Structures are given as structure tokens and as C-alpha cells.
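Below is one structure, written out as C-alpha cells; comments come after it.
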Amino acid sequence: MIDLQKELNPMQAKAASTIDGPVLILAGAGSGKTRTIVYRMAHLIESGINPWNIMALTFTNKAAKEMKTRVEAMLPGEASSIWVSTFHSTCLRIMFRFAESLGYTSSFEIADASDQKSIMKDVYKRLEIDPKMYPMKRIQNAISSAKDELKDEEDYAAENRDDFGKEVYIEVYREYQKTLRKNNSMDFDDLIMNTVRLFRENKEALEYYQERFKYIMVDEYQDTNTAQFEMIRLLAGKYRNLCVVGDDDQSIYRFRGANIYNILDFEKEYKDALVIKLEENYRSTGRILDAANAVIAHNTERKNKKLWTAHPEGSLIKFRQLDSAISEASFIADDIKTKVGTGGYNYGDCAILIRTNVQSKELEDAFRVRGIDYDLVKGLRFWDTKVIKDLSSYLLTVADGLNDMRTLRVINVPKRGIGASSVEKAVVFGAVNDISLLEIAGDAMRVPGMPSKAANAMKTFYDMIMSIRADMKGKKLSEILDEIIEKTAYMDYLVGETETKEKYAEAVEYIDKLRETLDIYEEDTDEPDLVDFMRQNGVEGNALDKTGESDEKDKVLIMTMHNAKGLEFPCVYISGAEDGLFPSYMSLNSDDEMAVEEERRLCYVAITRAEKELMITAARQRMINGETRYSNVSRFIREIPIGLMDMNVTAAPAAPKDKPDYNNREIAARAFSAPPSALSPGFKKRTLQEPPKELNYGEGDRVLHFKFGTGTVKSIVSGGRDFEVTVEFDSGETKKMFAGFAKLKKV
DNA sequence: TACTGGATTATTTTT
DNA sequence: TAATCCAGTA
């Protein structure tokens, strides 16, 4: 029997031992959240609950895997039938059973980011929409948000019926869904939305899963969107044994649809909920936590919580403001080098957290020059790699060829003389006559206006696919892959595609990995099937574990703050702590105050990654988007009490010209100012701290915004250092913006 | 059909 | 700055 009281602290034990009814665990950073969940699951099983009836939902496959392994380690043999899985793979499995009742075939596929993009391009072309007027990303986001809110294309159309500016959005959404349907595909958002639809429309299906999952746990609950919330609500609707775990202060994915009110209002939905706060932190020193607490206290929309620790105070948080991004990077690299040389740390103990990916360049240079091993944790994942996309598209085309998106991707890769215009003719012909692109390729001469050269090339392509397909019987999947590579001369093509030897070697490595993944899948699966394989990996696939590799190799890690969530490091560097970068000027410019609060939560996440040492750096001057920008120290850093900081500034700061109020503390004012140093000749050109003294437009004037188009100025408020201009754009949107940023032109 | 150069544009991204 | 996209050309 597991002794919860002995293994856990009183709050954790209470959380783990409460079996029935709704439970909200507010788990602060580093408070032993995973431990608590794992013990709770083990406890459920020990209490006699059938593991088969227990479900835990996570967001990442990594988290799911970790949780499962740990429970299994505690109760060997008993825990194997618990369902621990991500939202998306859970929905995928449910959809696999019920896809037909929703009008898909059971061999439906997953449209990933690149598929979505190509569908969007196609839709824009068909509807003759100008991407300049309607940036693709914006409509894509709108569609995704709509799905996150459980609005299908008709709900969306109805809701925006009177909104003239949304007409195009409605059309694109409709056409986008139509294309997905035509390709028998769901995007990630569809997986969730369709599951909810299934639960709502099909009583039997819902009841089946309600009976199956009598005990439900949800990890990272603050990141759930409305669709996921509803899915959980329906599933838990019968037994109400729902335990959600999360931290409202770590909600940083609003831009992806996460709805922080799911966690903030949990007790409204579940009035009898038991709420438990885990506030003891086992990760960081006292000062680091004090800083984190001080920063996050500036947010209004949050649960009252305060991290504390039994750990010692630790060293002061160090802050340095450097003249440029380059000297900032050098400073960090030097500091790490000294730390490793003298302080008993390894390179692998150090992580640099950045707000945006572009910040990595200077850091990489600095490390390379010094010969320090580093690893950039990048967003690009295995299944998004070009090589893997190409080859998996080939595999699917060979497997069934029903998905035009896949065929489209490979029909001219490597180049075989089939041009874009010929492909387009074929696709249009296919759409009209309801034939797949692959089938057309077999006899392209029937397409009106098809040049015979292209038709011949298509025929060659078709014959090749067909011969591989005919040859499939009795072959291993990886052998089919090899045949594709051979028949397409893909390796030769790769040589031309990759600029460097290293890039080529990397691509080869990826292909080997794909081969290996295919073999593993084939071994573990009763009825191996390529469509099933691709679908699984579309949702679960993240085969290249970059972080795992670098752990062994003792490398400094560079990553975005978002990527750092859930991780911890002895030494953390927060780089680029500047207003306009962090918080981003997007959020500063936003008409929604919640935007800056979200960035502040990101700051809280970043700070709480640190165990022992925290260094924060800022640059006075930085190249952003090809232009030099001058910035003040981030407001978030100014929210950290001076007493916690060591601000032994390297460059002697001049007196600030217009003093921002840093709580009247002189040292702070000096350390934080961003004096226009002598090395900034272009200072007058464009600045954050030198906005236009007066505007050449006034209230009622017509103005042009580089992004939003033309509009009418509603009001101008002088906000001290800049003017806050409210403009009603012709699209119907009203935006508040700072004149210094918006660069409005009078028309 | 394939390539090149000029214009354009710009957070964060567990699935 | 750097990546991406399209138009015009070979």
C-alpha cells in the first residue's frame, strides 16, 4: 500500500486521496504536480478502481509518456490499462471508431500545418482572394479559433451574417472545410470539434465513453480551449469524477485558443468542487520565487496564490543591460564560460530563454566563436521536415492515392517536367469530374488543354506509383520506402536540394529514422497499414527528441520561453528583457489588456524555470526586422523588487532624459534607463522613447494604416510619452494604438 | 517549365 | 536581416 501521507506533503496528499467528485488542483510552478497526479492515479487503482476506467488527458505526448511510465513503475503490471494520452490522440482513436457516422471514411487522414497551408492557398486561388487584403494567416487563425469555440462553418456564417468585413472569412471557412472533406481529412481542431459533435449527437457513443472513463484527470488544464472543455464536460457528465490540474499563472497559449476562464471559473461549472492549492515549491531558491511572485502579482485575472519554499534564499538575481544584442550575447556566453570554469556548473545546466526565435542568431554566434557546445531547441519537428513530408506523401500516394494533397506534393518532386499550370488544369478537371489527381495522371490527355509533354511526364509518374503499389505484397513497409527512394532517385535529388554536407547528412539521418519508425510500427501492430501509420504519427509523432540528446552531451540550451514550459535548469538566462520585445509590441499595442497579462505569465514561467541562478539581460539597441530599435528595460523586470537584484551594470549609464517612474528608486532609474548612447547614430530616426511630438492628423481625419488599411480617427489621447490614437477602420474594426508604433499616414 | 531577382513582410505554436 | 512569394524572363 502506498502511504500518501508519507510520500506527499499534506496538500498533495489531500489532492491524491480525494477520489470522488470534481477536484481542482491549482499547482504552482515546481510544486510537484506530476508527482501528485501519478500518486493519485496509483491511489485510485489501489482503492479498487478498475484501471480500465481511469483516463488522464495531457497536451503533449512527452507528458503522457512520462505519466504512464511513472504509474506503471509504482504498480507493476496493474496500471497498463489506464488510458493516458493527449487530447488529440484520444480524439483520433474515438474518431477512428466513429468517423463514418460523421461522414468520413475510416481511412480519413490528418491535415497537418503544411497541409492546411496548401489547402488555404488553393482556396484563395479558387475564390480569387487577394492575400494582401486578407492575410492568409489571419483567416486561418479565425477558422481555428472558430473551431476551438465549437463553431462550424455554418455557425460562423450565422454569427457574422451582418458583418460585411467577415464575408470573405465565411466563404473561405466554407471552402476550406469542403476541401478537407473532399480529401477525407480532419485538421487538428476538427479532431476535437468532431468528437464533441459525436458526443452531442450520438447518445450511445457518449454513454459508452462515460461508462468507460469513470475517473478523468486533465493535466495543464489552464491550456484547454472551449472545445476541450466541452469534451471533458460531456465525458464527466455522468459520474462527475473529474480532477483537473493546472496553474492559471502559466496559461501562455491564448493565441492558440486556450481559455484561461476554464480554470478560473471551474468552481462555477462545478459548484461542489474541492479546490486544492499546491504552493510549496521544490525547485527554486527563495529569491527567485520572490521575484516570480512579485511579477505575477501585477496581473488582475488570476487566482490568489503565492509560491514559497523551504530552500535557502540563494543568490541575488543578476541583471545587466548591454549596448547591443551582440554584446548581450557575448556577455551571456562569457558568463556561462566563467560559471562552468569556476562555479561547479556544467554547460548542460544552463539554458537561455528568448521571446522570439530570431533572437537566437547572436547567441549562436557568441557560442560558436567561443567553442561552447550549444543546442538550439527549434520548433521544427521530425514530421514537418521537408524530406519526411515528401517521403510520407509518397507512401500515402502509393498506399491509396485518394488524397490529392499528398499527390500534389510529390507529383513534381523530384522535378520531372510537370509545371504548375498543368497540375492546376488536372486538379480543376479532377474537381469537376470527381476523379483523384493520381487517377488523372494515368491518362492526362483527357484533360482539356493539357500539353502532351506534361501528360507524358504524368503518365510516367503514374506508372511508377502503380508499379510500386503492385509490388507491395509481402514487403515490409520500410522496403516500400526504399523502393520509392530508389525509383524516384530521391537521394540524387537531395544532393541538389541541400546546400551543405551537414544538411545532407541530417536529411539522411531523418530518412533512417523514418525507416526505423516504420519497422517499429510494423512490429507492434497486428494489421500494419500505411494510412493508419501516417495518421498516428501526424498526431503523436515527435520522433526526434532533441532535448534528450543534448542532456547527455552537456550543451547549453537556447529555446523560446514557450518551449521552456515544464522544464527546469540550475542556471537560467532570460535574454532580451526589453519593452517592445518582451512584452512584445504586439501585446503592448493590443486593445486588449489581457494581452500584456499573458506576456507577464510568460515571464512568470521563464523566471520559475530557474533552480539556483537567474540572470536577466537586456540590450539598448537591437536589430529587429532589419531596422535598429532602441528599447527600455522590460516593465516586467521593473516589477521585480530592487532588493532581490544585483544590478551591477557594466556600462556606465548616463542620466535618463525623461524619467519613467521606477518606484522612485534612483538606482533603479539609472540602471534601467536606456540612454541614447553615442554609438547610436540613427537614434533620432525611429524610437520607442522618442515618439512624434505632434501628429500631422487629428480627430476625424482619414488615415492609412500599413496593415489595417484606411479608417477614421476617433480620438487622440496624449499618454505622456506617446499618443494613443483610436481609429475606426473601414473593415469595421476599431483599434487603439500608439502613434509611435502605428505610423499612421494622413490621406 | 524553371529560374532569378525585386518586393514584401515580420511573436509565441504542446497537437 | 532573412525568408518567402510572385512576376517576368530564358
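No hydrogens, no waters, no symmetry mates; every other heavy atom, side chains included, goes into these values. Source: prediction; values computed, not measured. Throughout, a chain's letter reflects where its sequence line sits, starting with A, and its residues are numbered from 1.
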Distance flag, aromatic centroids of A:Y604 and A:H298, threshold under 6.0 Å: no
Donor-acceptor pair under 3.5 Å, A:R355 side chain vs B:dT12 base: yes
Residue that, paired with A:R302, satisfies side chain to side chain donor-acceptor pair (under 3.5 Å) out of A:D248, A:D249, A:D247: A:D249
Aromatic stack A:F255/B:dT12: centroid gap under 5.5 Å, interplanar angle under 30°: yes
d(CD1, A:I624; C1', B:dT11) in whole Å: 10 Å
Cation-pi, A:Y630 ring and A:R620 (6.0 angstrom, 45 degrees): no
Length of the CD1-P vector between A:I260 and B:dT12, whole Å: 21 Å
Side chain of A:K361 - closest among B:dT15, C:dT1, B:dT11: C:dT1
Presence of A:N357 side-chain N/O under 4.0 Å of B:dA10 phosphate oxygens OP1/OP2: no
Whole-Å distance separating the CZ atom of A:R138 from the P atom of B:dT11: 13 Å
Same-atom distance (C1') from C:dC5 to B:dT12, integer angstrom: 24 Å
Touch class at under 4.0 angstrom, heavy-atom based, for A:A454 against every strand present: sugar-phosphate
Check against side-chain contact (heavy atoms from CB on, under 4.5 Å), A:F108 and A:L92: CA-CA 10 Å; A:F108 71 91; A:L92 178 70; 3.9 Å; yes
Presence of A:T58 side-chain N/O under 4.0 Å of B:dT14 phosphate oxygens OP1/OP2: no
Protein-nucleotide distance (A:K125, atom NZ; C:dA7, atom C1'), rounded to Å: 15 Å
Rounded distance (Å) that lies between atom P of B:dT11 and atom NZ of A:K137: 5 Å
Phosphate-side-chain proximity, A:K121 and C:dT4, N/O vs OP1/OP2 below 4.0 Å: no
Sugar-phosphate, base or nothing in reach of A:G626, heavy atoms under 4.0 Å: base
Touch class at under 4.0 angstrom, heavy-atom based, for A:D223 against every strand present: base
Phosphate contact (B:dT12 OP1 or OP2) by A:N563 side-chain N/O below 4.0 Å: no
Short side-chain N/O contact from A:S587 to OP1 or OP2 of B:dT11, under 4.0 Å: no
Rounded C1' spacing from C:dC6 to B:dT11 in Å: 26 Å
N or O in side chain of A:N61 less than 4.0 angstrom from B:dT15 OP1/OP2: yes
Between A:Y176 and A:Q116, a side-chain donor and acceptor under 3.5 Å: yes
First of A:G417 and A:T560 reached from the 5' end of DNA chain B, by closest nucleotide: A:G417
Donor-acceptor pair, side chain of A:E568 and main chain of A:A610, under 3.5 angstrom: no
A:N625 side chain near C:dA2 phosphate (N/O to OP1/OP2, under 4.0 Å): no
Between P of B:dT11 and CG of A:L581, the distance in whole Å: 11 Å
Nearest-neighbour nucleotide for the A:K415 side chain, B:dT1, B:dT12, B:dC3 considered: B:dC3
Length of the OH-P vector between A:Y253 and B:dT11, whole Å: 16 Å
Under 3.5 Å donor-acceptor, A:S584 side chain and A:S587 backbone: yes
Whole-Å gap separating P (B:dT12) and CZ (A:R256): 14 Å
Proximal nucleotide (of B:dT1, C:dT1, B:dT14) relative to the A:P451 side chain: B:dT1
Sugar-phosphate, base or nothing in reach of A:N412, heavy atoms under 4.0 Å: sugar-phosphate
